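In what follows, a structure is listed as structure tokens, so that the remarks can point back to it.
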Amino acid sequence: MTREPRFGALAADARWQAAWEAANSFATTDSKNLDGADKPKAYILEMFPYPSGRIHMGHVRNYAMGDVLARFKKMTGHDVLHPMGWDAFGMPAENAAMEKGVHPGGWTRDNIAAMRGQLKRLGLAIDWSRELATCDPDYYGQEQALFLDLFAAGLVTRKESYVNWDPVDMTVLANEQVIDGRGWRSGALVEKKKLSQWFLRITDFADELLEGLGGLDSWPDKVRLMQENWIGKSQGLEFSFKLVGGAAGFDVFTTRPDTLYGASFAAISPDHPLAERLAADAPELAEFIAECRRQGTSAEQLETGEKLGFDTGLTVEHPLDPALHLPVWVVNYVLMDYGTGAIFGCPAHDQRDLDFARKYELPVHRVIADGDETAQHFTGDEAYTGPGKLVNSRFLDGMTIDEAKAAIVSRAEHEGWGKGTTVWRLRDWGVSRQRYWGTPIPFIHCHACGTVPVPKDQLPVVLPLDVDFSIPGNPLDRHPTWKHVRCPVCSGDAVRETDTLDTFVDSSWYFLRFASAPSDRPFDPDVIRRWLPVDQYIGGVEHAILHLLYARFWTRALNKMGMIDIVEPFASLFTQGMVTHETYSREQGEGLPPLYFTPDEIERSADGATLTADGAPVQVGRVIKMSKSKKNVVDPDAILDQYGADAARWFMLSDSPPERDLPWSEAGIEGAWRFVQRLWRLFGETENVSDGGEDKALARKLHQAIAGVGSDIEALGFNKAVAKIHALANDIEKAKPSATRAEACLTLIRLVAPMMPHLAEEAWAALPAQLRATTLVADAAWPTADPALLVDDEVTIAIQMAGKLRDTMTLAKGLDKDAIEAAALARPRIAELLGGATPKKVIVVPDRLVNIVP
RNA sequence: GCGGACGUGGCGAAAUCGGUAGACGCAGCAGACUUAAAAUCUGCCAUCCUCUGGAUAUGCGGGUUCAAGUCCCGCCGUCCGCACCA
């Protein structure tokens, strides 16, 4: 092959992508050799994308990282599973159907085709034969089968729960479709509506899911912590309040039983059965409850919104002193979903209760004191939640908070009015969605037999294709024929369930189906045993809680049902940062939002930016996540056209640590492209050995780079690997011609191959056949570092006086402390600074530094 | 509100165990090559000062230590998540 002076990225990208496909380079070997493979397995998985239409830079970054790891694992002798698929159900497809009059399925499949083409242009080492889309009946039919298995195992329940209801569009809204309490399309005030819905009993696994976090030491601490807080295990006291006047009371839960003598009111949720019962005869209370339901359903809205209450006029007895009566309020900040939906309010030591008490002028009693102030009357607007001793609490006075908690619980249990309990913040997983574009829930409602599962031999329950999106609401619900079926038990008239499954269900087991996808069952346990758990999972931190918790739950549930051996799906997790870009805008005057411009409408210089169209300056805004509304997006296709896949991949991996945000810049991608060209020139110098000699210093640097780049990739420190490759390229360029230098150029091809695979193949192919062991560098082995060359025989040792650097010296490595100290004290500069005095103390860290305390 | 993370030059960063702060890259400046441009190459590049040296510097204020970006305490700032978005 004749060598071009410049690397032609576009032609090379296409050529090598075709070559890998022809050679089937990235297929695994499990189907051919299930148990006989000696190779260790490596299952590398990036979170599969939603087919929104086009890939964005965040995808490029995510898949570039996974790809480097997959290619590196292949080079280091692993049997690699690196698949790709599509999280293909979800709301955007229905929105497109409504806005553009297309079918969600057609829209989704078009998007998949477009995005598959874009991903292939990145040159990813993916086994495309395993591609799957969750909207394919082959996939969701197996999901339905698993759902029935979960049902049989008692892990599926039905219960009533609230949804956001748009009374104009007659449809259920997602939280994100509720803007300032109104439906995003209709603008109507959103109501809460109670529906009977399907739930997965994730709370049965709360303890296990919490305990299991302890074993996930290759997960980021922050993700484990977030999950721990999400599961939210709390120990506390559950007890009954007796209504004054004899009527039955209600249960409350508290994590602060120690503050019981500080109670000044009892509060129940607007959704509490007692509140609903009272509202039946009290129109004002009914109106108050309705008002609460018009507020948002999200935790944030509940907790930041104004605290509102309604005095029911009822009172309850204080459990420790029946003569003490507390008023019962209905309040908007008590959640029906947590604890018992009722609390006692202790304003002095809970901020929300204090805000509420101040607003409605309820008493505020101090029961915890951290110093001299012990008066019962509590002043100020800041609740005291710190440590201290009990005061104004009769038999508890003088105890610590923990002692008082224990004392109250033991007394409550002894006297029989309450008991110590564990309460979880985690709620059961509501999986019902009143939408078309999702997995149909395989159940049938029969008047005679109730709700019965669809028999497995009738799966998949396939979505009907003839649906109409011009009328709001769920098209499955009003479909003329689809939902009308015979009851599988009594053969009488019955209707299908028209709710579909939350798309998080689809993503809770796709990693199993990638490993094994038989047509007659969800997966083959023997194949799962070989591949699972996923060795490295990579994706956005936005999935830190829900997706990852649901997938963990699903895996444990399948394990409990005896279908798989593992309990945790992802051995190692990595959460990558976002791709960001500066924004360009102009103010449009009062009351109007600024006008944003896309990066290609802009001329950027060192000190500012101008609009190309009129040459006048625009404001350069902060570097933020790429988003369509701020127009700071860069289209990957345009970048691939201009610079090729390798420059784009290289830039994605450079500079920023992968867990942090990466600021995209035109200068940055150009720099990456220049480096691609620079390597191309260097790769041409593998044969120019003029005087065959050896270059020991360069050999050291080469072998240190082999070891360093390898360990950096393994630890996903791509930015560090990039820096080491830059440093090695600098060293090679500066070195005089030698056999070592030619060898280094040759080795460098394989060092960059995981990151810049097309350039590496092109350079590899240009080598004489005797210099390469494999036809494709994709099949080549990672170079071996010579341990003898990894350590230098000389070290530079710092000499400090009183902790400040005063001199350095170069000594042989491995000298003992005395020799190093003597050498340091013998330095003329040190002798001069000491002025003949004897140092008080000398600390020697061998091979590193000497600190002299004068 | 609750929970989480982050903060080091003009910018992205590095410093793996408490041991020489700023590797590597981007931008910038100066020069070489060229008729010229592009490309390429060489050098400089934290701040200040009394400049062969020294002082100050890792958001701010304390502390521990011979030694702190790293450990401890208290602040400040920024970003992210909050259960029907995926």
Side-chain angles (χ1 to χ4, degrees), chain A residues 6 47-50 52 87 89-92 161 163-164 172-178 197 220-223 225-226 228-230 232 297-305 307 333 337 351-352 355 425-435 502-504 506-507 540-547 549-550 578 605-606 622-625 651 654-657 659-663 665 667-668 670-672 674-675 677-678 681 711-712 715 717 719-720 722-727 729-730 733 796-808 840-843 845 848-853:
Chain A
R6 287 175 78 75
M47 292 180 184
F48 66 166
Y50 178 78
S52 55
D87 190 12
F89 277 135
M91 277 201 318
S161 159
V163 294
N164 298 309
V172 176
L173 298 177
N175 280 341
E176 75 158 16
Q177 296 173 313
V178 180
Q197 306 205 63
D221 289 344
K222 65 171 174 179
V223 174
L225 216 83
M226 282 162 88
E228 188 180 320
N229 290 325
W230 189 259
T297 53
S298 77
E300 185 193 1
Q301 285 165 318
L302 286 173
E303 289 183 39
T304 54
K307 311 269 179 295
Y333 66 90
D337 295 314
Q351 190 60 47
R352 291 171 303 176
D355 294 344
R425 209 185 76 98
L426 182 69
R427 310 199 297 251
D428 273 334
W429 174 14
V431 293
S432 281
R433 297 292 182 272
Q434 294 69 36
R435 300 181 203 290
D502 179 6
T503 56
F504 275 123
D506 308 335
S507 54
V541 73
E542 66 274 19
H543 293 291
I545 297 172
L546 293 183
H547 161 57
L549 192 64
Y550 293 150
M578 296 180 300
S605 67
R622 293 182 357 150
V623 177
I624 54 170
K625 178 181 181 175
F651 180 54
S654 304
D655 292 351
S656 286
E659 69 278 9
R660 233 181 275 180
D661 288 351
L662 171 80
S665 71
E670 278 173 13
R674 281 198 301 270
F675 189 65
Q677 295 301 338
R678 200 173 137 205
R681 289 191 296 274
S711 61
D712 284 340
N719 57 324
K720 296 185 218 170
V722 163
K724 288 191 174 108
I725 286 172
H726 265 287
N730 290 344
E733 281 180 348
T796 304
I797 292 177
I799 307 173
Q800 297 179 338
M801 290 187 74
K804 292 202 185 293
L805 183 69
R806 287 291 179 253
D807 198 5
T808 60
K840 269 201 209 107
K841 197 173 176 185
V842 179
I843 288 124
V845 183
R848 281 209 167 260
L849 99 174
V850 179
N851 190 11
I852 299 164
V853 186

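Proteins come first, then strands; the chains are lettered A, B, ... in the order of their sequence lines, and each starts at number 1. Keep in mind that what you see is a predicted model, and the values were worked out from it rather than measured.
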Tell me whether [N] sits syn or anti, counting syn as a glycosidic angle within 90° of 0.
N	value
B/C76	anti
B/C11	anti
B/G9	syn

With a 4.5 Å limit on heavy-atom distance, are the side chains of A/V431 and A/F504 in contact?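 No. Closest side-chain heavy atoms not under 4.5 Å.
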
Aromatic ring pairing A/Y550/A/W429, orientation class (parallel under 30°, perpendicular over 60°, tilted between):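 The arrangement is parallel - the two ring planes meet at less than 30°.
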
For [N] and [M], measure between their [atom1] atoms and round to the nearest Å.
N	M	atom1	result
B/C17	B/C24	P	22 Å
B/U64	B/U16	C1'	24 Å
B/A55	B/A37	C1'	46 Å
B/A36	B/U40	C1'	16 Å
B/C75	B/C29	C1'	40 Å
B/A23	B/A46	C1'	15 Å
B/C11	B/U47	P	12 Å
B/G18	B/C72	C1'	13 Å

Name the nucleic acid region contacted by [X], choosing base, sugar-phosphate or nothing; use a 4.0 angstrom heavy-atom cut-off, strictly under.
X	result
A/R806	sugar-phosphate
A/S432	base
A/T808	base
A/Q800	base
A/L225	sugar-phosphate
A/V853	sugar-phosphate
A/N851	base
A/Q197	base
A/V722	nothing
A/K720	sugar-phosphate
A/R848	sugar-phosphate
A/T796	base
A/Q434	base
A/W429	nothing

Please step through side-chain contact (heavy atoms from CB on, under 4.5 Å) for the pair A/I725 and A/F675, ending with a clear verdict. CA-CA 11 Å; A/I725 286 172; A/F675 189 65; 4.1 Å; yes

Given 3.5 Å as the limit, does a donor-acceptor pair link the side chain of [X] with the main chain of [Y], or not?
X	Y	result
A/S656	A/D661	yes
A/S665	A/G668	yes
A/N851	A/G803	yes

Nearest nucleotide by nearest heavy atom, which residue falls closer to the 5' end of RNA chain B, A/P49 or A/A802?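 Here A/A802 is the residue nearer the 5' end.
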
Let me know, please, whether A/E659 or A/A798 comes out on the 5' side of the other along RNA chain B by nearest nucleotide.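 Nearest nucleotide further toward 5': that of A/E659.
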
Has [X] got a side-chain N or O lying under 4.0 Å from the OP1 or OP2 atom of [N]?
X	N	result
A/N719	B/A14	yes
A/N730	B/G25	yes
A/R433	B/A83	no
A/S654	B/G25	no
A/R674	B/A27	yes

Figure out the [atom1]/[atom2] separation between [X] and [N], and round it to whole Å.
X	N	atom1	atom2	result
A/I545	B/A86	CD1	P	17 Å
A/E733	B/C41	CD	C1'	10 Å
A/L849	B/U20	CG	P	7 Å
A/I843	B/A67	CD1	P	8 Å
A/L549	B/C82	CG	C1'	14 Å
A/K222	B/A5	NZ	P	8 Å
A/D221	B/C6	CG	P	10 Å
A/K841	B/U65	NZ	P	10 Å

Among [options], which nucleotide sits nearest the side chain of [X]?
X	options	answer
A/D87	B/A13, B/A86, B/U16	B/A86
A/A667	B/A83, B/G12, B/C26	B/C26
A/A727	B/C24, B/G19, B/C84	B/C24
A/L805	B/G12, B/A21, B/C24	B/A21
A/R681	B/C84, B/C82, B/U40	B/U40
A/M226	B/G4, B/A27, B/A55	B/G4

Inter-residue atom distance [X].[atom1] - [Y].[atom2], 0.5 Å rounding:
X	Y	atom1	atom2	answer
A/L849	A/I799	CG	CD1	9.5 Å
A/R433	A/T503	CZ	OG1	7.5 Å
A/Q197	A/D502	CD	CG	11.0 Å
A/R681	A/R678	CZ	CZ	8.0 Å
A/K720	A/S711	NZ	OG	8.5 Å
A/R848	A/T796	CZ	OG1	11.5 Å

Mind checking which stems touch RNA chain B? I mean at least 3 consecutive Watson-Crick or G-U pairs, both distances under 3.5 Å.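 Result, WC/G-U stems under 3.5 Å: B:1-7 with B:76-82, B:10-12 with B:24-26, B:28-32 with B:40-44, B:46-49 with B:53-56, B:59-63 with B:71-75.
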
